[in-house]
Amino acid sequence: MSFGMRLSALALGAVGLGPVGPLAGTAHAAELLGTGPMAGATVQFNEDFELRYYESTRELPGFEDRRIHDYIEQVNRLNGLLNQRTRRGGMISAGFQLDQVALFSNRYILDGTILRSWDLLSDSVDSPFTDGMIELEKLFVSTRSRQVELTLGDGYASFGRGIALNMKKNTDIDLDTSIRGARAMARIGRSDITAVSGITNAQQISQDQPNLGISRDVSNMVTGLRFEQHEVGPLTLGAHGVAWRFGRSEDADLDRWSRYGEDIDALVGGVSAEGFGLAGLDVYAEADLFRYLSPQFYGEREDVEFQARTGHVAYVSASAYPGLAVVQVEAKHSRDSERINAFVTASGWEVATVPSMEYERVITEDSAAALNSDSVYGGRVRVDYSAVGGTVVPYLSAMSLRDTGEGGLHFNRSPETIVHPVGGIQVTASKVTGLLNAGVRVDVRDDAAEGQDRLLHLDGDISVPLGGHDHLDLALAAKHFSWGENVQDQADFTEMENALAWHRGEKLVFVLYQDFGNNPLAQSTGNISDKLYGAVEATWKPSSELALRAFYGAYKAGIRCSGGQCRSLPGFQGARVALTGSF
Amino acid sequence: MPRTVFATLRSLLLAGLFVGAPASAQQSTGTLATDFTLRDIENRAVSLADYRGSVVLMNFWATWCGPCMQEMPHLQTMYDDLKDQGFVVLSVSTDDARDASKVKPLVKAKRLTFPVVLDKETTVVSQYNPAKTLPYTVLIDRQGKVAKVHQGYNPGDEEAMRAEVEALLAASPAPAGPASPGATPPAGTATPTP
């Protein structure tokens with residue numbers, strides 16, 4: 001992926017490339033010839049190379065007229081995949097991801113001493129290179145047939161609705177923590193059994209975000225088992241269990257596999273039931289019980305006696321399809337359900353996620369109330385109306401949650417009630433397409449002195465043909481925040497992220513980006529004015545296997561949420577050139 | 001011990017890739033499409049191999065992906081027009097497990113009738129497109145080999161895609177017999193893998 005990530009899902013959506021960026025390499029494979037055991041196998045490589053020139057706002061006292069702290073970062077990602085069909089109709093696959101990063105011009109000489117403006121690696125990382133790193137991030141071999149799947153090496157796993165275990169790659173915000181070990185799945189009649197065990201393997205080198213101060217990953221052990229029985233009458237029934245042992249920072253020097261020999265920190269068990277077409281309804285229900293065995297979940301010392309504590313989640317969804325309408329209801333009740341995530345959040349990965357019911361494009365600094373609060377209950381109703389054969393779909397959605405959690409990241413210090421109505425329409429009936437969403441969210445605290453948080457948001461995409469293969473895409477997104485009392489003393493502010501893309505034929509795309517933000521706590525400054533950011537970008541795709549992209553300008557920092565994860569992404573000012581290909 | 005196992009695995013893998021494999025390489029066309037089995041939105045087990053003998057347009061998408069929403073009506077039109085000739089759209093949702101309940105309502109709202117499977121763990125999309133660009137479309141011929149790949153969607157792309165599908169359909173007419181493609185296999189009765 002590439003610099004598009006932070007530029008908002010909307011902006012990228014407008015240029016027709018989706019929120020994971022346009023320059024990811026195409027799948028492109030080659031067949032291996034010969035008469036050996038690998039004859040007939042196919043192998044493909046995806047290559048993503050990028051150079052980034054950072055214009056730093058830091059100044060060196062006495063040398064304010066010189067750009068001492070500007071630097072260059074080069075990153076490269078190579079994915080390889082080999083497939084071989086077996087004689088029984090199954091498939092054997094093997095793959096890897098090799099990442100590399102290097103910094104240039106990140107040193108300067110002051111009074112005869114070489115100093116660094118920026119460190120690529122923290123002290124915890126052993127590397128023969130001080131300003132470079134190469135890492136075999138992912139490696140796996142797997143075999144699949146209709147009845148059995150077995151993966152050795154890096155894999156992903158998710159049980160039920162992800163409440164007990166949810167480890168998958170999140171390209172949207174550049175997080176990728178896999179389970180390095182073994183994963184097996186067997187389909188026996190109407191039963192599915194999935195078993196997974198391994199240590200977590202967090203991606204070390206980011207392809208999209210600045211790589212500075214990379215720290216050594218401290219792995220966690222996870223072992224899980226899920227059983228599903230299909231066609232129990234109209235139902236699918238499931239049960240699962242997960243055991244965790246989390247690495248401590250002081251464990252960094254230990255063999256990562258030593259987690260297997262240590263005490264279990266947490267256990268999660270759950271059951272689920274799913275029905276299809278029950279009186280016209282599709283229904284899903286899941287309940288999970290969390291058992292915390294370590295005092296660290298509660299911020300307590302490990303050498304003090306600790307009584308294990310519990311948390312729980314209940315989640316249900318139901319969908320009905322009366323006439324041209326689609327009605328969906330979701331509800332949840334959780335208590336102490338996020339302590340596992342809180343324990344490992346430093347790794348940037350939430351390993352067990354309760355469905356948030358939130359409109360993620362507008363999740364904010366105070367996202368925790370809807371997303372990560374330990375104790376929340378409430379629900380959401382959404383009604384879509386399918387007109388013109390499903391090509392014009394207006395919808396209304398209303399969420400209401402009661403947040404009784406008063407700790408953690410979110411701002412409320414007394415219980416609060418959150419109300420969030422959203423409406424929108426999707427029109428895809430002709431060459432002109434449009435998507436529009438708007439809503440308002442209000443967080444009302446029980447303690448009136450705390451006031452209310454209010455958010456007004458609007459986003460939309462429209463695509464207009466210009467004749468031939470040319471067309472214009474416009475993406476707009478705006479949010480205005482009005483805050484109640486909070487510990488960060490957050491001031492009201494407005495944010496905008498806009499993009500206008502001109503697709504010239506099939507090979508060229510030109511994009512203008514504009515951001516606005518007057519959040520006084522934001523960690524970036526505009527290049528047009530303090531609050532206004534601008535950038536231009538050109539993409540050239542001479543063939544389906546090759547793409548070249550150049551970007552110049554700035555975009556603002558911000559919080560980005562996707563797939564139940566949120567990440568604070570830094571701003572950028574400078575130039576980027578990316579070359580992506582496959583072979 | 002585990003470190004040794006992993007080192008061995010790594011050695012075997014590298015050996016397979018760079019030593020054991022014949023070195024000659026060709027273009028992507030004609031290479032194998034990785035088989036998989038996933039549950040569809042009606043809870044049926046669906047394998048890519050079920051559609052061997054059909055021209056398959058496999059489309060990776062997600063409910064939050066704007067360009068995917070723009071592309072879907074065109075895929076439905078293509079499916080309606082060509083399914084009787086042995087063409088199928090196999091739609092693969094890459095939505096997170098926590099969003100799995102949102103997929104079928106969206107499919108219903110958009111009146112999509114082609115098969116939609118759930119890749120909640122992203123194991124399949126990782127095989128086809130490690131970078132997970134969305135939408136991502138893989139065109140597979142009747143022999144189960146990759147014929148073309150499209151990443152992203154821009155208005156007008158559907159015309160080129162349709163021309164490619166029609167060329168594949170014309171290149172090898174649908175085989176006669178019960179393996180008639182284009183329909184979602186009923187529960188528990190998936191066509192055996194050749």
Side-chain angles (χ1 to χ4, degrees), chain A residues 1 13 16-18 20 22 24 26-34 38 42 46 79 82-83 85 89 91 94 139 141 146 152 156 158 161-162 166 168-169 171 236 257 276 282 284 317 319 321 326 328 353 355 384 386 389-391 393 426 428 431 433 435 461 463 465 469 471 503 563-564, chain B residues 2-3 9-10 13 16-17 20-22 24-28 30-32 34-37 42-43 45 47 49 64-67 69-70 73 96-98 100-101 104-105 108-111 120-123 126-135 138 146 149 151-156 193-194:
Chain A
M1 189 185 129
L17 296 161
V20 291
T26 56
H28 189 71
E31 186 168 1
L32 301 177
L33 303 178
M38 300 300 289
T42 60
N46 294 72
N79 288 99
L82 180 145
N83 280 332
R85 192 174 286 161
M91 185 78 78
L139 182 67
V141 60
R146 194 178 297 273
L152 298 176
Y156 306 93
S158 185
R161 285 294 183 265
N166 190 33
K168 53 171 266 186
K169 186 174 182 176
T171 313
T236 291
W257 297 95
F276 298 86
D282 292 326
Y284 181 88
S317 71
S319 302
Y321 316 99
V326 175
Q328 184 177 35
T353 48
D384 291 67
S386 177
T391 56
V393 183
Q426 297 191 351
T428 53
K431 296 284 186 184
T433 61
L435 313 172
D461 303 67
S463 177
H469 204 79
H471 64 277
H503 295 254
Chain B
R3 186 185 290 276
L9 169 64
R10 181 165 52 191
L13 179 57
L17 282 173
S24 180
Q26 292 182 332
Q27 289 289 305
S28 62
T31 57
L32 294 174
T34 306
D35 192 24
F36 58 84
T37 301
E42 303 295 344
N43 200 38
S47 295
W64 44 263
C65 166
M69 299 302 105
Q70 294 178 328
D96 192 275
R98 55 193 287 283
S101 292
K104 187 173 177 181
K108 290 284 190 181
K110 291 194 167 295
R111 305 285 157 183
K120 293 183 287 189
E121 296 177 324
T122 62
T123 51
S126 295
Q127 295 276 305
Y128 278 91
N129 176 25
K132 296 182 181 168
T133 318
L134 292 178
V138 181
V146 174
V149 169
Q151 55 176 328
Y153 170 76
N154 292 312
T193 304

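This structure is a prediction, so every number in the text was calculated from the model and none was measured. Convention: sequence-line order gives letters A, B, ...; per-chain numbering from 1.
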Minimum-distance pair of heavy atoms, taken over all atoms of [X] and [Y]:
| X | Y | answer |
| --- | --- | --- |
| A:V393 | B:A109 | CG2-O, 3.8 Å |
| B:G66 | A:L435 | CA-CD1, 3.7 Å |
| B:A97 | A:G162 | CB-N, 3.9 Å |

Exercise for the section: Among B:K104, B:K120, B:E42, single out the residue with the greatest number of heavy-atom pairs under 4.5 Å to chain A. Expected result: B:K104

Between atom [atom1] of [X] and atom [atom2] of [Y], what is the distance when rounded to the nearest 0.5 Å?
| X | Y | atom1 | atom2 | value |
| --- | --- | --- | --- | --- |
| A:K169 | B:T122 | NZ | OG1 | 8.0 Å |
| B:D35 | A:N83 | CG | CG | 10.0 Å |
| A:R161 | B:S101 | CZ | OG | 3.5 Å |
| A:F276 | B:N43 | CZ | CG | 4.0 Å |

Practice task
Side-chain contact test, heavy atoms from C-beta onward, threshold under 4.5 Å: evaluate it for B:M69 versus A:Q426 and give yes or no.
Solution key: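 Side-chain contact under 4.5 Å: yes.
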
Exercise for the section: For B:T37 and A:R146, test the side chains for any donor-to-acceptor distance below 3.5 angstrom and give the result as yes or no. Expected result: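 There is no such pair between these side chains.
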
Practice task
Would you please say whether a donor-acceptor pair under 3.5 Å links the side chains of A:T433 and B:Q70?
Solution key: yes

Handout entry: Contacting moiety of B:P105, where chain A heavy atoms sit under 4.5 Å
Key = both

Completion exercise
Of B:R111, B:K110, B:K108, the one forming a side chain to side chain contact (heavy atoms under 4.5 Å, CB included) with A:S386 is B:R111

